[in-house]
There are 2 protein chains.
Amino acid sequence: MPRTSSTRAPGGAVTLQQVAAAAGVSLATASRVLHGSGGRRVAEALAERVTTAASELRYVAHAPAQSLARSRSTVVGVLVHDIADPYFAAIAAGAMDVAREHDLMVLVANTFRDPGLERDYLARLRAQRARAVLLAGSAFVGEPFAEEVAAFAESGGRVAAIGAHGTGIDTVEPDQYGGGRLMAEHLVSLGHREIGVITGPAGLATVAQRLAGFTSVVARPRLVHADFTREGGRAATHELLTRHPELTAVFALNDLMAAGALAALRELGRPVPERVSVAGFDDLPVATDLTPALTTVRLRLAEIGARAMRLLLDDEPVGRLVPAEAELVVRESTGQASTLH
Amino acid sequence: MPRTSSTRAPGGAVTLQQVAAAAGVSLATASRVLHGSGGRRVAEALAERVTTAASELRYVAHAPAQSLARSRSTVVGVLVHDIADPYFAAIAAGAMDVAREHDLMVLVANTFRDPGLERDYLARLRAQRARAVLLAGSAFVGEPFAEEVAAFAESGGRVAAIGAHGTGIDTVEPDQYGGGRLMAEHLVSLGHREIGVITGPAGLATVAQRLAGFTSVVARPRLVHADFTREGGRAATHELLTRHPELTAVFALNDLMAAGALAALRELGRPVPERVSVAGFDDLPVATDLTPALTTVRLRLAEIGARAMRLLLDDEPVGRLVPAEAELVVRESTGQASTLH
DNA sequence: TCGCAGGCGGAAAGCGCTTTCCACCCCCTT
DNA sequence: AAGGGGGTGGAAAGCGCTTTCCGCCTGCGA
């Protein structure tokens, strides 16, 4: 039985007031003991009484009230296109790890690549006074998103992005371009000259950069746009090989599409890599388990997410650009260009 | 230039006060216009002035202040073992979808199967006054977690779980037992008698139930415990087949481990399914892309996550139990038991 | 012995919003 | 024409916490 007459809060939650009463001290003292920030110390004995009372009552501070009083919250936001996509899941996991080290909670928003939803979520993150937000999805080129980002920053939040989202915000920039180039060089070195590329939605920055890197080596690949999914890759591969049966290699701009490509080639009865080589991008865990195991470009996604979160949480000036290396991972799905066609 | 003399808030954020001043109305009126809940109407003209001022100033309500005043927040929590695991990612995605329909933000907490972290996060969710929390990770049998769950519920939050976490909370219960049984029946019907089972960590409820379902049909399978990962599955398969070369089928209690099992059998040179059949559980997207395509038990994870979130957000009494069906998906990794060994 | 400084607890003023009253105005009724 | 009622805006009291002052008490030096 608490020895205070103050009633329980509506939700039934214990308040600091109650803790203070139970400990026989003032609200101020209780606050100083439990969340004491400002250099002020409280005598041993009192502090003890307060902490005891708090734990007996299972007190946890009302975070919204704290945010209000301190005018800073303990949540950060992560905006992803789709958390069920292992690409984003890996980034989010890395970011959440770092957030935990800093005792922050993470609000995850699934935007489904819908620019409207993206803006909306960003506004709501601003409403929450999230300390920072990580834009993990690759930007749509030229989307009218900058305004909302600016509003967020203006209201005191930090912003960082994976891949360029504009100037003035911290960015972790995976070397998409370099990755594309590496893969092109790899395929060329294997003798491939007729290469098809399965790209994602036009206008997705990631796609553009990977492709640009590739075409810096292979001038005019056969292109086909598709959904950034397994199914998209499968359909695109069928289309590609129907129109260009002479192709000896297919480069899918992500691993999901590459998985679809492998499925399609199996359906078409073209052995990989003997007849057609296949390559992907991202090095998702699934890459190893495909048959044949997928040659791809590795992005250390968890690491990238973690770095971005660190950028958000340190006290350095903003606008930094941290590169993240792309690395060629050669497995079994690529081989010498077949000479017969 | 706002026509009020009130300064900008520290963070630089616009306050309702400023909006009210700009619109030339009182705080109360502005609040009623923008977030007006209690049946009260405001005259057309005034309302118009307020909304205009608000959008011109890019006002968004301070969510923590709102939470405090209304004593209810707009966030819900989702506790998962690891968001990078596609199993949990799918559940979370389903849940987030429903949350969005209800205009709620989702706090995701990665617990890494660490009971301490789990309790900790739950307390912090309570601190945030999260409206509800979804316990997506399968419980450890008998963990001292109930206390914290009770505290959360007591302080006014709803709790739901995937898989049983105790009585008195809403539960979506995937038919783990039934799934295990289905797979056992399938393997038996193919003539398998010597079956090895690769289980996850002992003490994980999911594991126990899947296994129980299986052993209800196949009395004493060869068991080996492993990490609930691809690597765990690979190592376990090596161990299993070394000790019991007579096995004609391996049932891995999740798809990740099954992928590892397939890899191990490839290394061992035992063709699947001709020599050894392999089965998994969950039907993750990767299952189709394995070679041979994996026979497994399908759990509609996104649907399960969505249902659980709906349980959390409706107004029905708590303590409900919603079953979720498990479904056998036969692909190429299982076949007739080989007679030669 | 008195004065003063330093240390430490408490009162109270917010933080930005919601919501209950209260007051006012206008119009309708008798 | 006067009284009353409905409708609508505003003042103010919180929501639970932090943090600035303020003032008390103690202990030390002169």
Can you give me the N/O atom pairs linking the protein to nucleotides 8-13 of chain C at distances under 3.5 Å, or say none if there are none?
{"unit_1": "C:dG9", "atom_1": "OP1", "unit_2": "A:Ala43", "atom_2": "N", "d": "3.3"}
{"unit_1": "C:dG9", "atom_1": "N7", "unit_2": "A:Arg40", "atom_2": "NH2", "d": "2.4"}
{"unit_1": "C:dG9", "atom_1": "O6", "unit_2": "A:Arg40", "atom_2": "NH1", "d": "3.2"}
{"unit_1": "C:dG9", "atom_1": "O6", "unit_2": "A:Arg40", "atom_2": "NH2", "d": "3.1"}
{"unit_1": "C:dG10", "atom_1": "OP2", "unit_2": "A:Ser26", "atom_2": "N", "d": "2.9"}
{"unit_1": "C:dG10", "atom_1": "OP2", "unit_2": "A:Ser26", "atom_2": "OG", "d": "3.2"}
{"unit_1": "C:dG10", "atom_1": "OP2", "unit_2": "A:Thr29", "atom_2": "OG1", "d": "2.8"}
{"unit_1": "C:dG10", "atom_1": "N7", "unit_2": "A:Arg32", "atom_2": "NH2", "d": "2.7"}
{"unit_1": "C:dG10", "atom_1": "O6", "unit_2": "A:Arg32", "atom_2": "NH1", "d": "3.2"}
{"unit_1": "C:dG10", "atom_1": "O6", "unit_2": "A:Arg32", "atom_2": "NH2", "d": "3.0"}

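A:Arg70 has its CZ atom 13 Å from the C1' atom of C:dC15, to the nearest Å. For the pair A:Gln128 CD and C:dG16 P, the interatomic distance rounds to 16 Å; values are reported in whole Å. One can place CG of B:Leu68 at 9 Å from P of D:dC15, the figure rounded to the nearest angstrom. B:His62 has its NE2 atom 19 Å from the P atom of D:dC15, to the nearest Å. For B:Arg129 and D:dG16, the CZ to P distance is 8 Å, given to the nearest whole Å. D:dT19 atom P lies 14 Å from atom CG of A:Leu34, rounded to whole Å. The distance between atom CZ of B:Arg126 and atom P of D:dG16, rounded to the nearest whole Å, is 15 Å. Atoms CD (B:Gln66) and C1' (C:dT19) sit 13 Å apart, rounded to a whole Å.
An OP1 or OP2 oxygen of C:dT18 is reached within less than 4.0 angstrom by a side-chain nitrogen or oxygen of B:Ser31.
The residues B:Arg126 and B:Glu148 are annotated as salt-bridged, a charged nitrogen and a carboxylate oxygen being separated by less than 4.0 angstrom.
The side-chain hydrogen bond (donor to acceptor under 3.5 Å, both in side chains) search around A:Glu173 returns none, not counting sequence neighbours. A search for side-chain hydrogen bond (donor to acceptor under 3.5 Å, both in side chains) contacts involving A:Arg307 returns A:Glu303, not counting sequence neighbours. With sequence neighbours left out, B:Thr52 forms a side-chain hydrogen bond (donor to acceptor under 3.5 Å, both in side chains) with no residue at all. Not a single side-chain hydrogen bond (donor to acceptor under 3.5 Å, both in side chains) links A:Glu48 to another residue, sequence neighbours left out. With sequence neighbours excluded, the residues forming a side-chain contact (heavy atoms from CB on, under 4.5 Å) with A:Arg320 are A:Arg158, A:Asp170, A:Leu311, A:Asp314, A:Glu316, listed by chain and number.
Rounded to 10°, the angle separating the first-five-pair axis and the last-five-pair axis of the helix from C:dT1-D:dA30 to C:dT30-D:dA1 equals 60°.
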When the side chains of residues 88-100 of chain A are checked against the rest of the protein, which donor-acceptor pairs come out under 3.5 Å, sequence neighbours left out?
{"unit_1": "A:Asp97", "atom_1": "OD1", "unit_2": "A:Arg100", "atom_2": "NH2", "d": "3.4"}

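In this structure, B:Arg49 and B:Gly24 approach most closely via the heavy-atom pair NH2-O, 3.6 Å.
A salt bridge (charged side-chain N to carboxylate O under 4.0 Å, His left out) check over residues 75-84 of chain B, counting only residues at least two apart or in different chains, returns nothing.
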